[in-house]
Amino acid sequence: MTSNIAESLNAVTKYASELHVVELLEYMRTLLERWTNEKLLNAKGMFTYLGKKYNKELEDNGILSQKMRLDELPCAHALAVLRHMNESYENYCSPYYTRESLQQTYEIPVDPLPDERKWNVPQYIVEEVVKPPTGKRQGN
């Protein structure tokens, strides 16, 4: 198992593997120094609060958040924010999940069908013959 850093180093030092140890170490030192300087220049050229990669991720999350519905149950992240803000989660849950809604859903009785012998089925329905499917698809 290798890390991304090890894989990156292996890729850029492939030809340097033939160097003597001291030359290889000097090559690696200058390579890392160059990478560090490039990263520093990039960081100095940023004008956002977060680094470029993280600012992009935050922007993407912002776009995704616009498509989210807030009428369900808060996710773990939202609950953490609510707890931090000392707010109650109840204001952010769908009213469909409340105890009151559940009680209203089930307060209407559902009567089972009477015994089949007591059904009042019209004669033309009783006489209709329904055949099982033949296995062939229509339109083929």
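Both backbone and side-chain heavy atoms feed into the values below; hydrogens, waters and symmetry mates do not.
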Could you pull out the closest heavy-atom pair between [X] and [Y], with the gap in Å?
X	Y	answer
Tyr97	Leu102	O-CD1, 4.3 Å
Ser65	Gly62	OG-O, 2.7 Å
Tyr92	Leu82	CE1-CD2, 3.3 Å
Lys118	Pro114	CB-CB, 4.4 Å
Tyr96	Ser101	O-CB, 3.6 Å

Run the numbers on His20 and Leu24 for side-chain contact (heavy atoms from CB on, under 4.5 Å), then give the verdict. CA-CA 6 Å; His20 294 289; Leu24 178 61; over 6 Å; no

Measure the [atom1]-[atom2] distance between [X] and [Y] for me, rounded to the nearest 0.5 Å.
X	Y	atom1	atom2	answer
Leu25	Thr30	CG	OG1	10.5 Å
Ile125	Glu128	CD1	CD	5.5 Å
Leu19	Glu26	CG	CD	11.0 Å
Gln104	Glu100	CD	CD	5.0 Å
Arg34	Leu32	CZ	CG	9.5 Å
Leu79	Glu87	CG	CD	12.0 Å

Distance only, no hydrogens: is a donor on one side chain within 3.5 Å (strictly under) of an acceptor on the other, for Glu127 and Gln123? yes

Are Met28 and Ile5 co-members of a hydrophobic cluster defined by side-chain heavy atoms under 4.5 Å apart? yes

Hydrophobic cluster membership, Val126 vs Leu113, 4.5 Å side-chain cutoff: yes

Could you check if a side-chain atom of Val81 sits within less than 4.5 angstrom of a side-chain atom of His77, using non-hydrogen atoms only? no

Leu40 vs Trp35 side-chain heavy atoms within contact, under 4.5 Å: no

I want to know whether Tyr54 and Tyr49 have ring centres closer than 6.0 Å. no

Using a cut-off of 6.0 Å, state whether more than 12 heavy atoms not belonging to Glu33 lie near its atom CD. yes

Residue of the set Lys52, Glu57, Lys53, Glu59 for which side-chain hydrogen bond (donor to acceptor under 3.5 Å, both in side chains) holds with Asn55: Glu59

